[in-house]
Amino acid sequence: MGRDTIADIITSIRNADMDRKRVVRIASTNITENIVKILLREGFIENARKHRENSKSFLVLTLQHRRNRQKPYRKRNGLNLKRISRPGLRIYSNYQRIPRILGGMGVVILSTSRGIITDREARLERIGGEILCYIW
């Protein structure tokens with residue numbers, strides 16, 4: 001039985017954000033690197049760098065620091081990530097039916113024939129694919 005690396009990185013980032021940790025270390029694969037590039041470009045994480053240790057590669061992510069989060073954790077203020085397509089149930093969509101998260105303020109990450117891209121890029125290029133996750 002294989003591991004779901006996308007669910008692992010989403011869970012790691014979500015847990016670090018809930019615990020108010022600034023740095024997260026995740027395993028580095030081609031898929032995770034592409035997802036991290038999207039998170040970096042969309043402004044959900046501050047910095048990402050590749051780290052090699054004992055012939056294994058890791059990505060070290062620096063999460064955005066939120067100054068107004070002095071009170072106990074509330075779901076509205078934090079980074080929200082949700083895994084959609086999973087190994088047991090793949091979810092596909094054409095470009096016209098890609099959902100809009102929070103009226104376009106969130107991001108849908110898709111795996112397409114042209115690589116891992118956001119919902120906006122998929123609509124511009126008029127291609128659909130597998131919906132990997134939602135971020136808002």
Side-chain angles (χ1 to χ4, degrees):
M1 187 164 159
R3 290 181 43 147
D4 188 5
T5 57
I6 298 171
D8 290 344
I9 66 162
I10 287 173
T11 302
S12 297
I13 293 171
R14 185 186 313 115
N15 288 344
D17 186 56
M18 284 192 326
D19 204 24
R20 294 190 187 110
K21 295 199 181 206
R22 191 144 165 83
V23 177
V24 182
R25 193 172 103 165
I26 59 173
S28 176
T29 63
N30 288 336
I31 293 172
T32 58
E33 287 180 19
N34 289 330
I35 291 174
V36 166
K37 285 178 188 175
I38 290 174
L39 290 173
L40 198 62
R41 189 174 58 222
E42 295 291 328
F44 289 109
I45 60 175
E46 196 172 298
N47 190 11
R49 59 187 164 86
K50 200 166 189 177
H51 182 68
R52 192 162 181 82
E53 190 176 293
N54 296 336
S55 74
K56 291 186 180 180
S57 293
F58 295 98
L59 289 172
V60 180
L61 310 178
T62 306
L63 301 178
Q64 287 285 353
H65 180 64
R66 292 179 179 83
R67 296 175 197 268
N68 59 352
R69 287 183 47 197
Q70 302 300 328
K71 297 178 184 171
Y73 178 77
R74 276 191 261 152
K75 197 76 168 165
R76 285 179 293 169
N77 294 339
L79 177 65
N80 294 307
L81 297 109
K82 184 177 181 186
R83 177 80 157 119
I84 301 302
S85 187
R86 51 193 172 87
L89 179 65
R90 304 288 184 181
I91 306 294
Y92 296 94
S93 176
N94 63 11
Y95 76 95
Q96 296 151 332
R97 295 189 185 267
I98 297 172
R100 294 184 192 273
I101 306 303
L102 291 178
M105 297 198 41
V107 177
V108 178
I109 297 180
L110 294 116
S111 177
T112 66
S113 58
R114 297 193 187 147
I116 296 177
I117 59 175
T118 64
D119 57 334
R120 290 180 213 107
E121 295 167 349
R123 284 189 196 97
L124 285 174
E125 295 183 22
R126 301 174 76 100
I127 56 173
E130 180 183 355
I131 300 175
L132 297 178
C133 60
Y134 297 157
I135 303 164
W136 69 97

For I31, look at atom CD1 and say whether over 12 heavy atoms of other residues, nucleotides or ligands are found less than 6.0 Å away. no
Quick one: pull up CZ in R49 and CZ in R25 and give me the separation to the nearest 0.5 Å. 10.5 Å
So how far is it from T5 OG1 to I10 CD1, rounded to the nearest 0.5 Å? 9.5 Å
I98 side, atom CD1; R120 side, atom CZ - distance, nearest 0.5 Å: 11.5 Å
Side chain proximity check, I109 to I6, heavy atoms < 4.5 angstrom: no
hydrophobic_cluster_shared for Y134 and I117, side chain cutoff 4.5 Å: no
Close side-chain approach of D8 and I26, heavy atoms under 4.5 Å: no
Measure the shortest side-chain to side-chain distance between N34 and K37 over non-hydrogen atoms and say whether it is less than 4.5 angstrom. yes
Exactly one of L59, V60, V36 should register a side chain to side chain contact (heavy atoms under 4.5 Å, CB included) with K50. Which one does? L59
State, yes or no, whether a side-chain contact exists between R22 and T62 at a heavy-atom distance under 4.5 Å. yes
Distance check, rounded to the nearest 0.5 Å: E33 atom CD versus I116 atom CD1? 10.5 Å
Do F58 and I9 belong together in a cluster built from hydrophobic side chains that touch within less than 4.5 Å? no
Does a side-chain heavy-atom distance below 4.5 Å link P99 with I131? yes
Please check if M105 and L110 belong to a single hydrophobic cluster, counting links between Ile, Leu, Val, Met, Phe, Trp and Tyr side chain heavy atoms closer than 4.5 Å. yes
On a heavy-atom basis, which atom in A48 and which in L40 lie closest, and how many Å separate them? N-CD1, 4.2 Å
Report the distance from atom CG of D119 to atom CZ of R100, rounding to the nearest 0.5 Å. 7.5 Å
Heavy-atom check, side chain of E42 versus side chain of I135, under 4.5 Å: no
Rounded to the nearest 0.5 Å, the CG atom of N94 sits from the CZ atom of R126 at a distance of 10.5 Å
Would you call V107 and F44 a side-chain contact if the rule is heavy atoms closer than 4.5 Å? yes
Enumerate the residue pairs fulfilling salt bridge (charged side-chain N to carboxylate O under 4.0 Å, His left out) with a member in residues 101-116, sequence neighbours excluded, ordered by first and then second residue. R114-E125
Is there a path from V108 to I84 through hydrophobic residues (I, L, V, M, F, W, Y) whose side chains come within less than 4.5 Å of each other? yes
Minimum side-chain heavy-atom gap L81-C133 below 4.5 Å: no
For residues I38 and I101: do they belong to one hydrophobic cluster (side chain heavy atoms under 4.5 Å, members Ile, Leu, Val, Met, Phe, Trp, Tyr)? no
Provide the closest heavy-atom pair for A16 versus L63 in the form atom of the first, atom of the second, distance. CB-CD1, 3.9 Å
Not counting sequence neighbours, list each pair that qualifies as a salt bridge (charged side-chain N to carboxylate O under 4.0 Å, His left out) and has a residue in residues 79-98. D4-R83, R90-E130
